[in-house]
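A quick write-up on the structure given underneath.
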Amino acid sequence: MVRYRAPRGMEDILPPRSKTMRRLEEIARELLALYGYDEIILPVMEQAELYLRSIGEETDIVQKEMFILEDRAGRKLALRPEATAGVARAFVEHGMDRGGLPVKLFYVGPMFRHERPQAGRYRQFHQLGVELIGPASPEADAETILLALHILKRADIPVELRLNTVGDASCRPSYLRELLGFLRKRGEQLCGECQRRIERNPLRVLDCKEPRCREILKEAPLIHDSLCAECRAHWEELLDVLRQQGVEPLIDPLLVRGLDYYTRTVFELVSPNLGAQNAVAAGGRYDYLIEEMGGKRTPAVGFSLGMERALLLMGDRDDIREGVYVVAQSETARRQALNLAMELRKRGLRAEVDVMRRSLKAQMREADRRNFQYAVILGEEELAGGYLTLKDMAEGVQRTTSWDGLLSGNFEAME
RNA sequence: GUGGGGGUAGCUCAGUUGGCAGAGCACAGGGUUGUGGCCCCUGUGGUCGCGGGUUCGAGUCCCGUCCCUCACCCCA
């Protein structure tokens, strides 16, 4: 009987999954270096108000999904539901613009949302995210999208790019008025949830999945018809740059993201193999967030990638045969086996010895099961004769060798 | 928060009309005194999610509860 369980929605990531997760992270880190991003390591908690201000008070994340706790002084802290707000806060707090723009940052780590767990959705999950702070250009949007695509491609995860624009402060308000007018007129026919959303967050009505809502929304005014000249130009240039890079986005005029801070570009990288939670990575532009955090008006764009979701689409790689398992037959041999293993390790080789005090046969089995390339046998005969037996575990052949020969890396001359 | 499907060995799952709790895999030991994989034998391992009820008897029927899972909502 199990006495304790991991908290609901919080998963233990065991080997070999943990290895695969590390592999994904390494792939990303490698590319991030090539694109010129440096890591920022943030606290996993922030003052709760930070999220109200940045993500939006009416969003579900803030309304019902935050883990909130009080410190001893009575300050309300929230476990971070996402990291962009924290990056923006740190950027402002440390005056990071003083070293010149752009500032290119990435982060990796756990996020927390108190939701009902589901496939690809956890209460603690890991995101790897990128923030490109400073540029207002569509090329910047394109670069972050291309980077996200690049990472996923390297990880062998096929995705589709869904793209939209949500306008900015100069065109969104008038569009919202227009949309609101439409929704109020047709509100009766919408689902109950949408009727509530009309007043609280009308944009969200757009991506309702109810068939009858979708039907009505076909006639809804689209932001694309209301974009200001700047937003339109930005949008078209972005499409242009992406296409030039061989990326054909799926333009989804109804794509709206759940965070209030987005302006202009929003995107999702979705996989058809994920079930309902199909976004592996998502992001967008947030030109006012830094200012909202008390900094100078600084445009920025970024995305975050759900590691668990990516992991769902990655297989665990088979371990390749590697290293030396030192098999010892007698008690005295065990001491020497440990010595040999230590010497091999000092030379940078994977080397292990039996610590379960098991039989030679069991040690051989272990060497095989743990995918060692070689077993070195230190038995009675070897001790007496002052030599070692080296066995190639894949080929099944063995020969004698000397301690020195082994340490000098002389594995190759096997028959 | 709402709905569907599930909780039996470490894992994947059988378990007939209520009648002694099983298989495969994994793990451990062995198969003529040192040698892994294939094969064979043996073994370890279950308060059948938890609590109550019905019954001579409950994994099985009833009630409650917790958890997992999928979907809605929302999102990475």
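Below, all heavy atoms of this structure are taken into account, side chains as well, without hydrogens, waters or symmetry copies. Naming convention: chains lettered A, B, ... in sequence-line order (proteins, then strands); numbering from 1 in each chain.
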Q | Rounded distance in Å between the P positions of B:C13 and B:G18 | A | 26 Å

Q) Any chance the rings of A:Tyr325 and A:Phe372 have centres within less than 6.0 Å? A) yes

Q: Return no unless some side-chain N or O of A:Arg116 is found under 4.0 Å from OP1 or OP2 of B:C73.
A: no

Q.
Classify A:Ala367 by what it touches in the nucleic acid, base, sugar-phosphate, or nothing, heavy-atom distance under 4.0 Å.
A. nothing

(Q) Both A:Asn278 and A:Arg8 contact RNA chain B. Which one's nearest nucleotide lies toward the 5' end? (A) A:Arg8

Q | Pairwise C1' distance for B:A23 and B:G45, with rounding to whole Å | A | 15 Å

**Q.** Residue met sooner reading RNA chain B from 5', once A:Pro7 and A:Gly275 are mapped to nucleotides
**A.** A:Pro7

Q.
Checking base pairs now: Watson-Crick or wobble, both atom distances under 3.5 Å. What partners B:G22?
A. B:C13

Q) What does A:Gly120 touch in the nucleic acid at a heavy-atom separation under 4.0 angstrom: a base, only the sugar-phosphate, or nothing? A) base

Q: Could you tell me which nucleotide pairs with B:A28 by Watson-Crick or G-U wobble geometry, both distances under 3.5 Å, or answer none if nothing does?
A: B:U42

Q: Test A:His234 against A:Thr265 for side chain to side chain contact (heavy atoms under 4.5 Å, CB included), laying out the working first.
A: CA-CA 9 Å; A:His234 187 94; A:Thr265 311; 3.7 Å; yes

Q | Sugar-phosphate, base or nothing in reach of A:Val327, heavy atoms under 4.0 Å | A | nothing

Q | B:U2 and B:C73, which share atom name C1', separated by this distance in whole Å | A | 9 Å

Q.
Taking B:G19 as the reference, what is the distance to B:U60 when you measure between their P atoms (whole Å, please)?
A. 11 Å

Q | Atom-to-atom span, CD of A:Glu65 to P of B:C73 - whole angstrom | A | 13 Å

**Q.** Interatomic distance where CG belongs to A:Asp354 and P belongs to B:A28 [whole Å]
**A.** 11 Å

**Q.** Interatomic distance, A:Arg357 CZ vs B:G29 P [rounded to whole Å]
**A.** 15 Å

Q) When we call it a touch if two heavy atoms are under 4.0 Å apart, what does A:Phe303 touch: a base, just sugar-phosphate, or nothing? A) nothing

Q: Please state how far atom CG in A:Leu269 lies from atom P in B:C75, giving the value in whole angstrom units.
A: 17 Å

(Q) Considering every strand and a 4.0 Å limit on heavy-atom distances, what is the contact class for A:Glu11: base, sugar-phosphate, or nothing? (A) sugar-phosphate

(Q) Which nucleotide, if any, forms a Watson-Crick or G-U wobble pair with B:C72, using both distances under 3.5 Å? (A) B:G1

Q. If you measure only the distance, is there a donor-acceptor pair under 3.5 Å linking the side chains of A:Thr84 and A:Glu131?
A. yes

Q) In the structure shown, which nucleotide is the Watson-Crick or G-U wobble counterpart of B:U47, with both distances under 3.5 Å? A) none

Q: If the plane angle is over 60° it's perpendicular, under 30° parallel, otherwise tilted; pick one for A:His114 and A:Phe67.
A: tilted

Q: Please list, chain by chain and in numerical order, all residues satisfying ring-ring contact (aromatic ring centres under 6.0 Å, His included) with A:Tyr107, sequence neighbours excluded.
A: none

Q: Classify the side chain of A:Arg121 versus the base of B:C73 as yes if they form a donor-acceptor pair under 3.5 Å and no if they do not.
A: yes

Q.
Base of B:C73, side chain of A:Gln118 - is there a donor-acceptor contact under 3.5 Å?
A. yes

Q) Can you tell me how far P in B:C11 sits from the matching atom in B:G49, rounded to whole Å? A) 13 Å

Q. With sequence neighbours left out, which residue pairs that include part of residues 119-146 of chain A fulfil the ring pair (Phe, Tyr, Trp, His ring centres under 6.0 Å) condition?
A. none

(Q) If I pick the P atom on B:G53 and the same atom on B:G59, what distance separates them, to the nearest angstrom? (A) 15 Å

Q) Listed by chain and number, what are the ring-ring contact (aromatic ring centres under 6.0 Å, His included) partners of A:His94, not counting sequence neighbours? A) none

Q.
Measuring only the C1' atom in each nucleotide, how far is B:A14 from B:U8? A whole number of Å is fine.
A. 10 Å

Could you give the side-chain donor-acceptor pairs of residues 145-154 of chain A under 3.5 Å, partners two or more places apart or in another chain?
from	atom 1	to	atom 2	distance (Å)
A:His150	ND1	A:Tyr35	OH	2.7

Q. Rounding to a whole Å, what distance do you find between A:Phe67:CZ and B:C75:P?
A. 17 Å

Q: Compare the minimum distances between each of B:C70, B:U69, B:C73 and the side chain of A:Gln277, then state the nucleotide with the smallest one.
A: B:C73

Q.
Expressed as a whole number of angstroms, how long is the span from A:Phe112:CZ to B:A76:P?
A. 16 Å

Q | P-based separation of B:U47 from B:A21 [nearest Å] | A | 14 Å

Q | Rounded distance (Å) that lies between atom C1' of B:A76 and atom CD1 of A:Ile55 | A | 13 Å

Q: For nucleotides 33-39 of chain B, just jot down a letter per nucleotide in 5' to 3' order: B, S or -, based on protein non-hydrogen atoms under 4.0 Å.
A: -BBBB--

Q) Which one, B:U69, B:C70, B:C73, comes nearest to the side chain of A:Pro117? A) B:U69

Under 3.5 Å, side-chain donor or acceptor atoms of residues 355-362 of chain A against the rest of the protein: list the pairs with distances, not counting sequence neighbours.
from	atom 1	to	atom 2	distance (Å)
A:Ser359	OG	A:Ala362	N	3.1

(Q) Check this for me, if you would: do A:Glu268 and A:Arg162 make a salt bridge, where the nitrogen-to-carboxylate-oxygen distance has to be below 4.0 angstrom? (A) yes

Q | Per A:Arg113 side chain, nearest of listed nucleotides B:G30, B:C68, B:C75 | A | B:C75

(Q) What is the distance, to the nearest angstrom, from the CZ atom on A:Arg5 to the C1' atom on B:U65? (A) 13 Å

**Q.** Closest listed nucleotide, where the reference is the side chain of A:Arg358 and the choices are B:U69, B:A76, B:G29
**A.** B:G29

**Q.** For B:U54, the Watson-Crick or wobble partner whose two distances fall under 3.5 Å
**A.** none

